[in-house]
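Here, residue 1 is the first one in the sequence, and each next residue gets the next number.
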Amino acid sequence: MNSARLTAIVFLTVITASASFAQVRKYSNEFLSIGVGARGLAMSSAQVASVSDATAGFWNPAALTRVKNNVNLSLMHAEYFAGIAKYDYGAFAVPMKDKNRVIGFSAIRFAVDDIPNTLNLFEPDGSINYDNIKSFSVADWAFIFSYAQKVKETGLSLGGNTKIIYRIAGDFATAWGFGLDFAAAYDIKQWRFGLMGKDVTGTFNAWNFNFTDKEKAVLVSTGNIIPENSLEVTVPKFIFAAAYEVNIKDKFKILPELNFEMTTDGKRNVPIRTDAVSFDPRFGLELNYLDIIYLRGGVGNIQRSTDDFGEKIVTFQPNIGLGLQIKSFGIDYAFTDIGNQSDALYSHVFSLNIGINKKKTQ
């Protein structure tokens, strides 16, 4: 296999998933399902009920009303596939003057950079010119604008997101997308409940492909189909969540959380599934000492699989993590997929959470 064919396969694998018009695809915009913040990843994404910082803009925007500072910042960097893919995240949340309403903004970038483009490696006479090798990036961007508001004299908060998606594969393809999320959070005594409706109106990605005549000729000669402009639709998913906080002798707190994600794009390889919808359970646990030291764990990504002998098995992804909170500064760590119990690769994730000026409660 020559280099031109190899490059063609690499980037077409990424972008031709959207090669037909108005397609509803499983796992569309799946980079938005990875999760943000080391706390959330350590608890296997069981966050929709208990999240209480700027990362709520991703997990459950209604829970932004729990932010305790006039400004809350969250930052994260992670690397996947032995450092090939980079995942960067930043967010802030700002309560408004009446303290019952909160606005937030989040930005996510998931990318593979410095991919060699060898489509123009060969000159018209068949000779190889290495000076023609250029590099490009395949990147997925998300810009999330969040709003949350308390329903007065109740424990209920409502919120939502407006999402702008930008996806790019070098100079070959770009896509713009738009979608909406809806969320609710409810606190009563030690219970916390959450509901997150992602892409409730459907999120639409409009793909535009741009190839030179020379690049088209290379694609055709290597047996690839030249994709056409298209529209990809991400259908809704819903997450139902509950958490319960237990105090032990005023020093320790234990918070277990259970999430059920319901997808509507057909049968998935998860424990509970039908032809129309599938349910993916996740469980997380957090142990807190004096609101300073945190120990976390979780189980998720439960999949039906087949082993090397053809036997049906169930795989899962266990995660663990630690957190340290010093006044308004927090640092969290997650070690995902310990023991390689699933097909996913392990990753080390660090994130920061910074609060500026603790807000006054009414």
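- Checked by atom type and distance alone, the side chain of Thr336 pairs as donor or acceptor with a backbone atom of Ser347 at under 3.5 Å.
- The environment of CG in Asp113 is crowded: more than 12 heavy-atom neighbours from other residues, nucleotides or ligands sit within 6.0 Å.
- Checked for salt-bridge contact, Asp181 and Lys198 miss the test: no charged N lies under 4.0 Å from a carboxylate O.
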For this session: Take Asp140 and Ile165 through the test side chain to side chain contact (heavy atoms under 4.5 Å, CB included) and record every step on the way to the result.
Result: CA-CA 8 Å; Asp140 296 330; Ile165 310 297; over 6 Å; no
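- For the pair Asn319 (side chain) and Leu41 (backbone), a donor-acceptor distance under 3.5 Å is present.
- Taking every heavy atom of both residues into account, Arg66 and Asp187 meet most closely at NH2-OD1, 2.7 Å.
- Looking only at distances, a side-chain donor or acceptor of Ser278 sits under 3.5 Å from a matching main-chain atom of Arg268.
- Using a 30° and 60° split on the angle between ring planes, Trp176 and Tyr166 fall in the tilted class, from 30° to 60°.
- The backbone N or O of Ala38 sits less than 3.5 Å from a side-chain atom of Ser351, completing a donor-acceptor pair.
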Exercise. Can you list the steps and then say if Ser33 with Lys237 is a side chain to side chain contact (heavy atoms under 4.5 Å, CB included)?
Worked result: CA-CA 11 Å; Ser33 298; Lys237 67 174 64 173; 3.1 Å; yes
Problem set entry | side chain to side chain contact (heavy atoms under 4.5 Å, CB included) assessment of Lys163 paired with Thr203 | CA-CA 9 Å; Lys163 298 186 295 189; Thr203 294; 4.2 Å; yes
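- Between Asp291 and Lys253 there is a salt bridge, since a side-chain N of the basic residue sits under 4.0 Å from a carboxylate O of the acidic one.
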For this session: Dump the intermediate steps for side-chain hydrogen bond (donor to acceptor under 3.5 Å, both in side chains) on Asp171 and Asn210, then the final yes or no.
Result: CA-CA 7 Å; Asp171 296 327; Asn210 181 33; over 6 Å; no
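- Under the 3.5 Å distance criterion, the side-chain polar atoms of Asn208 are left unmatched by any main-chain donor or acceptor of Thr174.
- Remark: the backbone N or O of Ala62 is paired with a side-chain donor or acceptor of Asn60 at under 3.5 angstrom.
- Residues Asp199 and Thr234 have side chains that never bring a donor and an acceptor to within less than 3.5 angstrom of each other.
- Here Glu257 does not pair with Arg192 in a salt bridge; the nearest charged N to carboxylate O distance is not below 4.0 Å.
- Of all non-hydrogen atoms in Ser106 and Ala91, the two that sit nearest each other are OG-CB, 3.5 Å.
- Val48 and Tyr244 end up in different hydrophobic clusters when Ile, Leu, Val, Met, Phe, Trp and Tyr side chains are linked at under 4.5 Å.
- Considering every non-hydrogen atom in both Phe136 and Ala169, the closest pair reads CD1-C, 4.3 Å.
- The ring pair (Phe, Tyr, Trp, His ring centres under 6.0 Å) test with Phe350 singles out one residue from Tyr333, Phe335, Tyr89, Tyr87, and that residue is Tyr333.
- Considering all non-hydrogen atoms of both residues, Pro95 and Ala93 come closest at CD-O, 4.1 Å.
- Using modelled atom types, no side-chain atom of Asn161 and backbone atom of Phe58 make a donor-acceptor pair closer than 3.5 Å.
- Counting heavy atoms from C-beta on, the side chains of Phe143 and Phe105 come closer than 4.5 Å.
- In this structure, the side chain of Thr263 does not engage the main chain of Asp265 through any donor-acceptor pair within 3.5 Å.
- Note: the hydrophobic cluster containing Tyr80 also contains Val138 (ILVMFWY, side chain heavy atoms under 4.5 Å, direct or indirect links).
- Using a 4.0 Å cut-off between a side-chain N of Lys or Arg and a carboxylate O of Asp or Glu, Asp332 and Arg296 qualify as a salt bridge.
- The hydrophobic cluster containing Val36 also contains Leu32, counting ILVMFWY residues as joined when their side-chain heavy atoms lie under 4.5 angstrom apart, directly or transitively.
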Problem set entry | Check against side chain to side chain contact (heavy atoms under 4.5 Å, CB included), Gln325 and Asn288 | CA-CA 10 Å; Gln325 185 74 33; Asn288 166 0; over 6 Å; no
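- Remark: side-chain polar atoms of Asn247 are not paired, donor with acceptor, to backbone N or O of Phe252 under 3.5 angstrom.
- With hydrogens and angles ignored, the 3.5 Å screen pairs no side-chain donor or acceptor of Trp191 with any backbone N or O of Tyr186.
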